[in-house]
Every structure is written in C-alpha cells, then in structure tokens.
Amino acid sequence: MTLLQVMPADDAANVLVRTEDVTEIAAELAPHGIRLERWPTVPLAGDAGQAEVLAAYASEVERVSAEGPYPLVDVVRMVPDDADPEWPAKAEAARTKFLDEHTHDEDEVRFFVEGSGCFYLHLAGKVYAVVCTAGDLVSVPAGTTHWFDMGAKPYFCAIRFFQEEDGWVAGFTGTSISAEMPTLEELVAPEPRS
C-alpha cells in the first residue's frame, strides 16, 4: 500500500493528512518538488539480478535517466535471509545508515520493483512520511531534508538513479527528529478495532 501521512514536525501524534490515493499523494508532494508516479510492475524471479531488473524496466529507466539527467543506474536489493546468522546485524546496519535526518547534493530517485520503504520529508515545518511500494517511483530533489526507513526486517528491490558516482553522500543534520516520528512498521500497522 502506497501511503502518505503528514504530521507537524513538532507533534507526530497530530495527523494532518493520511491517504493511500496516489493521485492525492502526488498532489500533496508536487508543490515541494517531490515527484511520485506509478509504473506497471513486471513479474520477475525472486533472485533476478541487476541486468534482469533493468531489462524489465528498460523504457522507463531510459526515460527517467534522460530527464535527470541520471547517467548512472543500479539496482539495490535487501531480502531477509534467515539462513544467514549475520543477517539481523546486516539488516540493522543497513537500516541505521540513513535513518537519521540528512540531505544529499544530488536528487534521490528510486523506483520500487518489490517490497517497501518509507521516505520521510521534512518540509516547511511538517514531516511527510511517504511509504513506497512496488510500482512507485519517487524523486526527492537535492538538498531536501529527509530520512529513509527500510523497516526492521528490510525487504525491497529498487532501481536507483544517480547524477555522479560520489554525489549521493549523506550530509547529516544532527537533529533527532527521526526518532520522534512513527517507524515504517507503525505507519503500516492495521488500525486497532474499537
């Protein structure tokens, strides 16, 4: 489920907007230069590698690459591996890497092939939590204050678009706002029944 939840930056309990309507989500984000669009998904093998993933989405990748311009494209995959005793530590390290608020010197453009993750965008005194799922392309402009939560048990495959090899380094803000907002799991948890 693609989801947007908007909260004041100083009051995460006060939900201003909550919607699963992709058109509404795109309209809420557009004034901030954030792009969200849906692509049809292509069935792929669970172990599909970078070449297979990029081939399956070749026309869309070519279009986005040219629009950027984003000459560098790769595929990142995080899939739980219960057979690997080191998986929980690897997953926690990967999650923690971008869980604090930061910016980048170039756009952050991701297409979710499978699974999910949440971009939190700190804009004009509000936090826009955007849960992206398979079929979602999100484009966050350079300099946008944000963070990303891949969840406690990360599961996703995403196509990443880059302008330069070293342009996607995080510049951390040093704030603790990310710890004050709901996690990916809390955002997608079913509403309690009364």
Side-chain angles (χ1 to χ4, degrees), residues 1-41 57 60 63-64 67-68 70 76 78 94-104 106-161 168 170 173 175-194:
M1 119 186 99
T2 305
L3 171 72
L4 170 68
Q5 182 166 305
V6 182
M7 304 148 285
D10 61 354
D11 185 5
N14 183 8
V15 176
L16 304 172
V17 174
R18 185 174 169 95
T19 182
E20 296 176 25
D21 184 300
V22 175
T23 303
E24 286 179 38
I25 295 169
E28 285 282 337
L29 299 174
H32 303 284
I34 313 297
R35 180 171 100 192
L36 178 75
E37 61 183 59
R38 293 280 301 165
W39 295 356
T41 56
Y57 292 96
E60 292 90 348
R63 175 181 58 85
V64 172
E67 289 172 0
Y70 306 112
V76 62
M78 292 287 299
R95 182 184 195 191
T96 303
K97 187 173 184 180
F98 295 109
L99 200 51
D100 288 329
E101 185 179 67
H102 60 276
T103 62
H104 298 291
E106 70 173 56
D107 302 343
E108 186 164 356
V109 184
R110 304 289 180 265
F111 171 69
F112 284 80
V113 174
E114 61 189 27
S116 63
C118 185
F119 283 91
Y120 295 79
L121 311 162
H122 189 179
L123 307 163
K126 298 176 187 170
V127 173
Y128 294 70
V130 185
V131 177
C132 297
T133 58
D136 289 337
L137 172 89
V138 64
S139 178
V140 179
T144 303
T145 308
H146 70 285
W147 63 95
F148 180 73
D149 186 0
M150 62 181 70
K153 196 168 185 177
Y155 168 66
F156 68 91
C157 177
I159 299 173
R160 305 185 300 182
F161 297 82
W168 194 67
T173 65
T175 71
S176 62
I177 189 169
S178 63
E180 300 162 17
M181 294 293 146
T183 64
L184 171 60
E185 289 84 4
E186 291 168 336
L187 286 168
V188 300
E191 298 284 326
R193 296 181 190 252
S194 44

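All values derive from a computational prediction rather than experimental measurement.
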Measuring from D100:CG to T175:OG1, what's the distance to the nearest 0.5 Å?
-> 7.5 Å

Among V6, I34, V140, which one satisfies side-chain contact (heavy atoms from CB on, under 4.5 Å) with L29?
-> I34

Identify, with sequence neighbours excluded, every residue that meets side chain to side chain donor-acceptor pair (under 3.5 Å) alongside T41.
-> none

Does any non-hydrogen side-chain atom of Y57 lie less than 4.5 Å from one of V64?
-> no

Decide yes or no on side-chain contact (heavy atoms from CB on, under 4.5 Å) for E60 and F111, but give the supporting numbers first.
-> CA-CA 10 Å; E60 292 90 348; F111 171 69; over 6 Å; no

Nearest heavy-atom neighbours spanning M181 and E186 = O-OE1, 4.3 Å

Closest non-hydrogen atom pair between V127 and A9, with its separation | CG2-CA, 4.1 Å

Pairwise side-chain contact, Y70 with D107, heavy-atom cut-off 4.5 Å (strictly under) = yes

Applied to residues 112-125, the side-chain hydrogen bond (donor to acceptor under 3.5 Å, both in side chains) test, sequence neighbours excluded, yields R77-E114, E101-H122

If every non-hydrogen atom of P182 is compared with every non-hydrogen atom of Q5, which pair is closest and at what distance?
-> CG-NE2, 4.2 Å

If every non-hydrogen atom of T133 is compared with every non-hydrogen atom of F112, which pair is closest and at what distance?
-> O-CB, 3.4 Å

Using the six-membered ring wherever Trp is involved, compare the ring planes of H102 and F98 and label them parallel, tilted or perpendicular (cut-offs 30° and 60°).
-> tilted

Does the side chain of F156 come within less than 4.5 Å of V76's, by heavy atoms?
-> yes

Take W147 and T173, measure what side-chain contact (heavy atoms from CB on, under 4.5 Å) needs, and give me the verdict at the end.
-> CA-CA 10 Å; W147 63 95; T173 65; over 6 Å; no

Say you draw a straight line from SG of C132 to CZ of R38; how long is it, rounded to the nearest 0.5 Å?
-> 9.5 Å

Decide side-chain contact (heavy atoms from CB on, under 4.5 Å) for L121 and H32; before the verdict, give the C-alpha distance in whole Å, the side-chain angles of both, and the deciding distance to 0.1 Å.
-> CA-CA 10 Å; L121 311 162; H32 303 284; over 6 Å; no

Could you tell me the separation between the CG atom of L137 and the CZ atom of F161, rounded to the nearest 0.5 Å?
-> 6.5 Å

Check the pair M7 / K126 against side-chain contact (heavy atoms from CB on, under 4.5 Å), numbers first and verdict last.
-> CA-CA 6 Å; M7 304 148 285; K126 298 176 187 170; over 6 Å; no

Closest non-hydrogen atom pair between A129 and L187, with its separation | CB-CD1, 3.7 Å

CD of E28 to OG1 of T23: how many Å apart, nearest 0.5 Å?
-> 12.5 Å

Distance-only, no hydrogens or angles: does the D149 side chain make a donor-acceptor pair with backbone N or O of T183 under 3.5 Å?
-> no

With sequence neighbours excluded, tell me which residues meet side chain to side chain donor-acceptor pair (under 3.5 Å) with E67.
-> R35, R63

I25 and its side-chain contact (heavy atoms from CB on, under 4.5 Å) partner, picked from V138, T2, D136 = T2

CE of M78 to SG of C157: how many Å apart, nearest 0.5 Å?
-> 12.0 Å

Might you point out which heavy atoms bring M1 and E20 nearest each other, and give the distance in Å?
-> SD-OE2, 3.2 Å

Separation between CG (L4) and CZ (R18), nearest 0.5 Å, reads 9.5 Å

